[in-house]
S.K.: 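To start, I am sharing the structure in question, which I have written as structure tokens.
Note that the coordinates shown come from a computational prediction; the quantities given were computed from them, not determined experimentally. One-based numbering, in listed order, for ligands and for the atoms of each.
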Amino acid sequence: MFRKVIAVMIPLSLCIALIIFGTLLGCRNNDGKEIETEAGREIVIGFSQLGAESDWRSANTESMKETLSERNGYRLIFEDGQQKQSNQITAIRTFIQQEVDYIVLAPVTETGWDTVLQEAKNAGIPVIVVDRMVDVKDDSLFTCWVGSDFELEGKKTVEWLHRYATLKNISPEDIHIVNIQGTLGASSQIGRTKALEDAANKYGWDLMAAVPGDFTQAKGREAMESLLAKYDNINVVYCENDNEAFGAIEAIENAGKTVGQDIANGEIMVISFDGVTEEALDYVRDNKISCIAECNPLHGPRVQAIIELLEMGKVPDKFSYVQEKLFAADKTVTQIVVDGDNYEVTILDKSE
Ligand code: GYE
């Protein structure tokens, strides 16, 4: 009997020891990288974030850090590019040297990535682009992209303005707009600016000026101060994000003017993008920002889903667009049509 037990136990414990040993060692593929083991492995991700210019960006960084966490089996190497492409290029080169498993890139501007992305490709490291796009000659230099349709966001706001003005009998030539742009060359700036320019041409609005505000509150305020000094008839300001809008509102109120929808009677209407914070939505509820096209920054879980697909050897969609809302407090416009599609306006109430 005793012998029998021993006879069973020896191979059994050998098996257990082998399993534990194998798991601890992990397995390696040809290029020396660890591959999936029973117990799973830590996936190393280098994330080149472009900066910390806005509330949107903070929420985006937070989402990535929270999702791609050690608890979820990732090690995230985070680099803040401080709005400089050269810093982001250096970060990517460092990630390549560190032999990370994936590179996630939130690029400050669209162009100028061909060389460094070729280097990542040569090293066999997949690159997932988030938020703004990269404009490269060869699309195989990145694995996929996830973000927003920035031109669509812009089209929603200008259609809202068009509907509002039409319903209030305000003629197009009485709409005197200035544009405080985002960081020049960023997809979010390019798409939002294009939507406004196209609408101004189409409807005959008086688009008086476009000045860069770099997506920051401080630059938004400065830009609005100089625009107010130059033009005395501004009645709409199109801010390419909420932080610029906060700054522009400060400048407008400091100049003794009022923000609001009554543009036929001297108020200045503020239009904006993001709607990420309660503060921004409160500006809408208080009629300080008339309309915000939502821009969703919560890309962490989206990147995680892409990595999971890649880990299974599957091919993710090359481009994934996020669905977004349009916020307003004024009930004049309840629905808009963009390129044949209907979008409900999400009306924010004071009570909400
Ligand atoms: O709208 C803005 C941020 O590219 C979508 O960048 C992003 C934009 C966002 O600074 O707030």
S.K.: Looking only at heavy atoms of Arg192, does any of them come nearer than 4.0 Å to an atom of ligand 1?
M.R.: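 The answer is yes: ligand 1 sits under 4.0 Å from a heavy atom of Arg192.
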S.K.: Please assess Glu324 against Tyr343 for the test side chain to side chain donor-acceptor pair (under 3.5 Å), listing each intermediate value before the final yes or no.
M.R.: CA-CA 10 Å; Glu324 296 165 328; Tyr343 297 91; over 6 Å; no
S.K.: For the aromatic rings, using the six-membered ring if either is Trp, is the centroid distance between Tyr238 and Phe273 under 6.0 Å?
M.R.: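 Under 6.0 Å, so yes.
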S.K.: Please report whether ligand 1 has a polar contact with Ser188, defined as an N or O pair separated by less than 3.5 Å (distance criterion only).
M.R.: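 For ligand 1, there is an N or O atom that lies under 3.5 Å from one belonging to Ser188.
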S.K.: May I ask you to identify the nearest protein heavy atom to atom 10 (O) of ligand 1, giving residue, atom name and distance to one decimal place in Å?
M.R.: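 Going by distance alone, atom 10 (O) of ligand 1 is nearest to Glu53 OE2, 2.4 Å.
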S.K.: Has Cys295 got any heavy atom lying under 4.0 angstrom from an atom of ligand 1?
M.R.: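 It does; at least one heavy atom falls under 4.0 Å.
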S.K.: Is it possible for you to check whether Lys318 lies under 6.0 Å from the centre of the six-membered ring of Phe142, through NZ or CZ, and within 45° of that ring's axis?
M.R.: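 Yes, Lys318 lies over the aromatic ring of Phe142.
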S.K.: Looking only at protein heavy atoms, which one is nearest to atom 6 (O) of ligand 1, and how far off is it?
M.R.: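 Heavy-atom neighbour on the protein nearest atom 6 (O) of ligand 1: Arg132 NH2, 2.8 Å.
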S.K.: Are a donor atom and an acceptor atom from the side chains of Asn201 and Glu197 found within less than 3.5 Å of each other?
M.R.: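 Note: Asn201 and Glu197 side chains miss the donor-acceptor criterion.
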S.K.: Going by the angle between their ring planes, with limits at 30° and 60°, are Tyr203 and Trp205 parallel, tilted or perpendicular?
M.R.: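 Aromatic pair Tyr203/Trp205 classed tilted.
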S.K.: Taking N or O atoms only and a 3.5 Å limit, does Asn243 qualify as a polar contact for ligand 1?
M.R.: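 No, there is no polar N/O contact under 3.5 Å.
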S.K.: In terms of atom number and element, which parts of ligand 1 are under 4.0 angstrom from non-hydrogen atoms of Asp274?
M.R.: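 Taking each heavy atom of Asp274 in turn, ligand 1 has 1 (O), 2 (C), 9 (C), 11 (O) under 4.0 Å.
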S.K.: With heavy atoms of Ser54 as the reference, note each atom of ligand 1 found under 4.0 Å away.
M.R.: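 Taking each heavy atom of Ser54 in turn, ligand 1 has 2 (C), 3 (C), 10 (O), 11 (O) under 4.0 Å.
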S.K.: Answer yes when Glu253 and Arg221 have at least one side-chain N-carboxylate O distance shorter than 4.0 Å, and no when they do not.
M.R.: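 A salt bridge is absent here (no side-chain N lies under 4.0 Å from a carboxylate O).
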S.K.: Using a heavy-atom cut-off of under 4.0 Å, does the side chain or the backbone of Phe150 touch ligand 1, or both, or neither?
M.R.: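 Only the side chain of Phe150 comes within reach of ligand 1.
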S.K.: Any idea which protein heavy atom is nearest atom 7 (C) of ligand 1, and the distance to it?
M.R.: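 Answer, as residue, atom name and distance: Asp131 OD1, 3.2 Å.
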S.K.: Within the side chain of Asp131, is there an N or O that forms a donor-acceptor pair under 3.5 Å with the backbone of Ala106?
M.R.: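 Such a contact is absent between Asp131 side chain and Ala106 backbone.
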